**Q** 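So that we are looking at the same thing, I have put the structure below in structure tokens.
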Amino acid sequence: QVQRGGSLIHMPTGVRIGHEGIKLPESATEQFNPVLQVLPQDIDCDYSDEGRLGSGASASVYRGLHTASGTQLAIKALNVQDKGKRAQMMNDVRTLMQVQ
């Protein structure tokens, strides 16, 4: 579900994705461990053609860097206005959070 202001919320888990980063509900900290808070201002992303790692039907993936830790990231960028793409992204996030 898209909230006012553009944040996405996955209703079954309560996971929120928005301008403040990824936020888990307090009840999820035991379920999803370890929890890493990644804030948008801590990410340096190369959205140029050279930084593009790949693209598919619903998104493109770009090279990024978590500046606080120096960890390389893959940043998935998609149009969240499209309901089908939004649902797929939330499924992807849920799957990634369950992988240990």
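Just so you know, residue 1 is the first one in the sequence shown, and it goes up from there. Keep in mind the model is a prediction, meaning the values are calculated, not measured.
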**Q** Residues in side-chain contact (heavy atoms from CB on, under 4.5 Å) with Leu53, at least two apart?
**A**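 Per chain and number, Leu53 pairs via side-chain contact (heavy atoms from CB on, under 4.5 Å) with Val61, Arg63, Ala74.
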**Q** Would you say Ile75 and Tyr47 make side-chain contact, with heavy atoms under 4.5 Å?
**A**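 Side-chain contact under 4.5 Å: yes.
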**Q** Consider only side-chain heavy atoms of I, L, V, M, F, W and Y, link residues closer than 4.5 Å, and tell whether Leu65 and Ile43 are in one cluster.
**A**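 No.
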**Q** How far does CD of Gln88 sit from NZ of Lys76, to the nearest 0.5 angstrom?
**A**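 Rounded to the nearest 0.5 Å, the CD-NZ separation comes out at 6.0 Å.
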**Q** Just verifying a value: how many Å separate Arg52 CZ and Asp46 CG, rounded to the nearest 0.5 Å?
**A**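 Rounded to the nearest 0.5 Å, the CZ-CG separation comes to 10.5 Å.
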**Q** Any side-chain to backbone donor/acceptor pair from Ser60 onto Ser55? Under 3.5 Å, distance only.
**A** no
**Q** Any chance CD of Gln41 has more than 12 other-residue heavy atoms, nucleotides or ligands included, within less than 6.0 Å?
**A**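 Counting neighbours around CD of Gln41, more than 12 heavy atoms of other residues, nucleotides or ligands fall under 6.0 Å, so yes.
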**Q** Can you name the nearest heavy-atom pair linking Cys45 to Tyr62, along with the distance?
**A** SG-CB, 3.7 Å
